[in-house]
Amino acid sequence: MQADVPFASPRSRDKQFEKKLSNTIFILILIKCFCKDGSGVKGRKVEWELHSSLTSSASETLLNRQADPEPVEVVNARSTSPILLVCEHAGQAIPRKLGALGLTDEQLAMHIAYDIGSEKLARNLAASLDCTLILQRYSRLVLDCNRPPESDQSIPAVSDRVVIPGNRDQTSSDRNARISEIFEPFATACKAQIARQSVQYTYSIHSFTPLLNDQARPWDIGFLYRHEKSRGADLLRLAARLWPTMTIGDNEPYRIDDESDWYIPVCAEKREIPHSLIEVRNDLLLTDDGCREWGGRLHDLLSQFMEINDATRS
């Protein structure tokens with residue numbers, strides 16, 4: 001049996017690196033003093049070996065724990081509400097180490113970088129339902145946490161015709177750093193929350209652009225699901241009764257797929273509880289009032305749906 005390996009938290013790794021940095025600087029000073037300012041062959045060799053070791057350790061870590069935000073935020077984690085909300089594309093953050101991925105501020109404000117309005121909508125809805133909400137903090141251009149991490153779509157080189165320079169010519173270590181430091185903490189939080197027996201419903205909150213590849217997308221809201229146990233069709237029918245003047249998409253503007261989705265296939269479907277990926281058109285979420293209005297609509301929809309579903313099961 002293999003011996004257990006002690007787990008080093010990101011913060012403890014930072015402390016280890018800081019200690020190594022201090023020791024290295026001290027040794028380099030000694031080299032400068034005793035090897036004629038490091039000009040000797042031996043001095044240069046030792047100095048280079050130390051420098052290589054130091055930069056290798058630094059390159060292993062993507063996130064700067066003092067400057068970069070945590071990859072996942074769990075709101076109201078101890079809620080006993082039967083509903084769990086997830087917002088995979090909430091964040092716009094980019095690790096300091098990656099700069100701006102070679103993009104302009106205008107490009108980073110587009111739908112390609114995050115789901116516009118989704119975080120405010122999800123927070124409003126979670127507050128009204130008093131339920132747990134899992135938010136992913138980093139831009140979907142750094143790593144799309146609603147894609148399987150091994151998928152080419154998880155770190156796109158091009159998105160809606162915009163080239164992402166910072167995502168081209170990646171090494172395997174660069175990709176693995178994004179997965180281990182951003183995706184894995186998010187996945188761990190999702191799996192831990194969905195495993196709670198008190199959770200009987202789960203919904204993923206997204207927004208979509210009204211125009212993609214020159215194609216208009218007329219739906220006000222869409223519900224994505226693929227299995228009967230999701231009760232997605234029932235939720236959609238209730239929405240149609242509550243909002244008769246709205247254009248509601250049935251598995252539009254996307255469809256759930258193992259190749260292009262992560263949370264619904266991996267977490268929601270495996271629990272076999274009612275669920276859906278909910279997409280709201282993002283031009284309806286450009287203001288705080290719009291986010292509150294849609295938060296109220298979804299609160300009423302999900303509350304009524306849960307009452308009907310619970311009554312049917314009892």
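In this structure a side-chain-to-backbone donor-acceptor pair under 3.5 Å is present from Gln200 to Gln197. At least one donor-acceptor pair under 3.5 Å links the side chain of Thr287 to the backbone N or O of Gly290. Of the possible polar contacts, one joining the Arg175 side chain to the Pro149 backbone as a donor-acceptor pair under 3.5 Å is found. Between the Ser207 side chain and the Ser118 main chain, no donor and acceptor come within less than 3.5 Å of each other.
Ring pair Tyr201/Tyr203 is parallel by interplanar angle, where below 30° counts as parallel and above 60° as perpendicular.
No salt bridge links Arg255 with Asp257; every basic N to acidic carboxylate O contact stays at or beyond 4.0 Å. A salt bridge links Asp258 with Arg226: the distance from a Lys NZ or Arg NE/NH1/NH2 to an Asp or Glu carboxylate oxygen falls below 4.0 Å. Under the 4.0 Å criterion applied to side-chain N and carboxylate O atoms, Glu184 and Lys191 are not assigned as salt-bridge partners. Salt-bridge formation is detected for the pair Arg161/Asp214: a Lys NZ or Arg NE/NH1/NH2 atom is positioned less than 4.0 Å from an Asp or Glu carboxylate oxygen. Ion pairing of Arg65 with Glu70 is present here, as a side-chain N (NZ or NE/NH1/NH2) and a carboxylate O approach within less than 4.0 Å.
If you take CG on Leu298 and CG on Leu129, they are separated by 9.0 Å, rounding to the nearest 0.5 Å. The structure places CZ of Arg217 at 7.5 Å from CD of Glu279, a figure rounded to the nearest 0.5 Å. In this structure, CG in Leu125 is found 6.5 Å from CD1 in Ile83, a value given to the nearest 0.5 Å. One finds the CG atom of Asp144 at 16.0 Å from the OH atom of Tyr138 (value rounded to the nearest 0.5 Å). Note that CZ of Arg140 is 11.0 Å distant from SG of Cys145, once rounded to the nearest 0.5 Å. Separation of atoms OG1 (Thr245) and CG (Asp220) is listed at 8.0 Å; rounding is to 0.5 Å.
Val158 belongs to a hydrophobic cluster with Val163, counting contacts under 4.5 Å between side-chain heavy atoms of Ile, Leu, Val, Met, Phe, Trp and Tyr, direct or through other members.
With no hydrogens or angles considered, no side-chain donor-acceptor pair links Asn124 and His299 at under 3.5 Å. Donor-acceptor pairing under 3.5 Å is lacking for the side chains of Tyr254 and Ser260. Of the N and O atoms on the side chains of Asp234 and Tyr225, not one donor lies less than 3.5 Å from an acceptor on the other residue.
In this structure, Leu62 and Leu98 have side chains that are in contact, with non-hydrogen atoms separated by less than 4.5 Å. Side chains of His275 and Lys229 form no contact here, defined as non-hydrogen atoms less than 4.5 Å apart.
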task = For Asp115 and Asn282, run side chain to side chain donor-acceptor pair (under 3.5 Å): C-alpha distance rounded to whole Å, both residues' side-chain angles, the deciding distance at 0.1 Å, then the answer.
result = CA-CA 8 Å; Asp115 277 7; Asn282 67 25; over 6 Å; no
request  = Kindly indicate, with the supporting measurements, whether the criterion side chain to side chain donor-acceptor pair (under 3.5 Å) is fulfilled by Arg178 and Ser154.
outcome  = CA-CA 10 Å; Arg178 297 194 198 189; Ser154 67; over 6 Å; no
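For CD of Glu150, the number of neighbouring non-hydrogen atoms (other residues, nucleotides, ligands) closer than 6.0 Å is greater than 12.
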